[in-house]
Enquirer: 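The structure that follows is given in the form of structure tokens.
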Amino acid sequence: MSSRRNVLLKVIILGDSGVGKTSLMNQYVKKKFTNKYKATIGADFLNKEVMIDDRLVTLQIWDTAGQERFQSLGVAFYRGADCCVLVYDVTQPNSFKNLESWRDDFLIQASPRYPEKLPFVVLGNKVDLDTRGVPIRRAQAWCDSKNNTPYFETSAKEAINVEQAFEAIARNALEQEEANGNIGVTSHVELEHGKTKSGCCS
Ligand code: G3D
Ligand code: MG
């Protein structure tokens with residue numbers, strides 16, 4: 001193993017069921033769009049190494065496996081998150097309205113040390129569809145009103161803006177980690193694809 005210091009940044013993806021969270025993660029990490037993720041059980045994460053300027057970081061991207069339907073993700077999911085990605089579906093106005101409660105949930109559960117530097121990025125997904133239900137101005141205005149949260153319109157299906165969005169997510173997460181002053185080595189953290197077991201249904 002190399003002795004290189006590698007920063008591990010935890011990123012969590014929140015939003016209503018069906019907005020494309022799993023698809024976005026897979027498009028970004030594996031460059032694939034399929035709909036064969038349904039069998040996953042428990043919280044699941046994927047790691048991706050990225051260079052930010054001259055710094056190598058590992059993004060550990062946490063996805064849910066359907067528990068978001070019940071808004072019961074558990075504190076381990078939120079703990080230590082450096083960036084929270086809020087996803088909605090541009091064709092589903094309700095999924096946009098619910099961003100507010102996903103955001104509140106994150107703030108309550110993760111209680112970031114510097115809430116004024118809120119580590120959020122918002123993604124309006126499925127822009128490849130022409131049945132848009134949320135005007136871009138409305139989404140942008142909401143993000144502006146939340147400490148100028150970065151906003152991207154994406155398509156996991158067509159790989160539109162996914163790379164750009166995750167680059168912003170990585171930068172945001174790194175800034176958050178640096179602000180908290182707890183940049184460390186990832187010595188004991190499993191860096192391969194991993195799972196936390198929910199002990200259910202396997
Ligand atoms: P989730 O993880 O937020 O629950 P998924 O969402 O990633 O499981 O996606 C839910 C459905 O939306 C899937 O379709 C998936 O293929 C589709 N989807 C995800 N992203 C996009 C996108 O960018 N464009 C379009 N057109 N569809 C997308 P199914 O049919 O399997 O339910
Ligand atoms: Mg999913």
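Both ligands and their constituent atoms are indexed starting at 1 by order of listing. What you see is a predicted model; the values in this text were computed from it and never measured.
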Enquirer: Within the 4.0 Å heavy-atom shell around L129, which atoms of ligand 1 are there?
Expert: 26 (N)

Enquirer: Side chains of Y78 and D105, heavy atoms from C-beta outward: is any pair under 4.5 Å?
Expert: yes

Enquirer: Compute the minimum heavy-atom distance from V87 to ligand 1 and say whether it is under 4.0 Å.
Expert: no

Enquirer: Just do the salt bridge (Lys or Arg N to Asp or Glu O under 4.0 Å) check on R171 and E167 with the steps written out, would you?
Expert: CA-CA 6 Å; R171 282 184 185 278; E167 189 185 326; 3.3 Å; yes

Enquirer: G20 and N125: which non-hydrogen atoms are nearest, and at how many Å?
Expert: CA-ND2, 3.7 Å

Enquirer: From the Mg ion (ligand 2) out to just under 2.8 Å, does an N/O/S atom of T22 turn up?
Expert: yes

Enquirer: Check whether NZ of the Lys or CZ of the Arg K48 lies under 6.0 Å from the centre of the six-membered ring of Y28 and within 45 degrees of that ring's axis.
Expert: yes

Enquirer: Check whether any N or O atom of F33, backbone or side chain, sits under 3.5 Å from an N or O atom of ligand 1, and answer yes or no.
Expert: no

Enquirer: Please indicate whether any nitrogen or oxygen in D63 is less than 3.5 Å from any nitrogen or oxygen in ligand 1.
Expert: no

Enquirer: Quick one: does any side-chain atom of K126 pair with a main-chain N or O of R132 as donor and acceptor, under 3.5 Å?
Expert: no

Enquirer: With atoms numbered from 1 as shown, which atoms in ligand 1 lie under 4.0 angstrom from a non-hydrogen atom of T22?
Expert: 2 (O), 7 (O)

Enquirer: Give yes if a backbone or side-chain nitrogen or oxygen of S23 is under 3.5 Å from a nitrogen or oxygen of ligand 1, and no if not.
Expert: yes

Enquirer: Would you say L123 and L24 make side-chain contact, with heavy atoms under 4.5 Å?
Expert: yes

Enquirer: Flag the pair K10 and E177 as a salt bridge only when some basic side-chain nitrogen lies within less than 4.0 angstrom of an acidic carboxylate oxygen.
Expert: no

Enquirer: Distance under 4.0 Å to a non-hydrogen atom of D16: what atoms of ligand 1 satisfy this?
Expert: 3 (O)

Enquirer: If we only count heavy atoms from C-beta on, is the P150 to N172 side-chain gap below 4.5 Å?
Expert: yes

Enquirer: Under 4.0 Å from a heavy atom of S155: give me the atoms of ligand 1 that qualify, with their elements.
Expert: 23 (O)

Enquirer: Out of all atoms in ligand 1, which are within 4.0 Å of some heavy atom of S17? Include the element for each.
Expert: 4 (O)

Enquirer: Geometry only, no angles: is T154 polar-contacting ligand 1 at N/O separations under 3.5 Å?
Expert: no

Enquirer: With heavy atoms of A156 as the reference, note each atom of ligand 1 found under 4.0 Å away.
Expert: 20 (N), 22 (C), 23 (O)

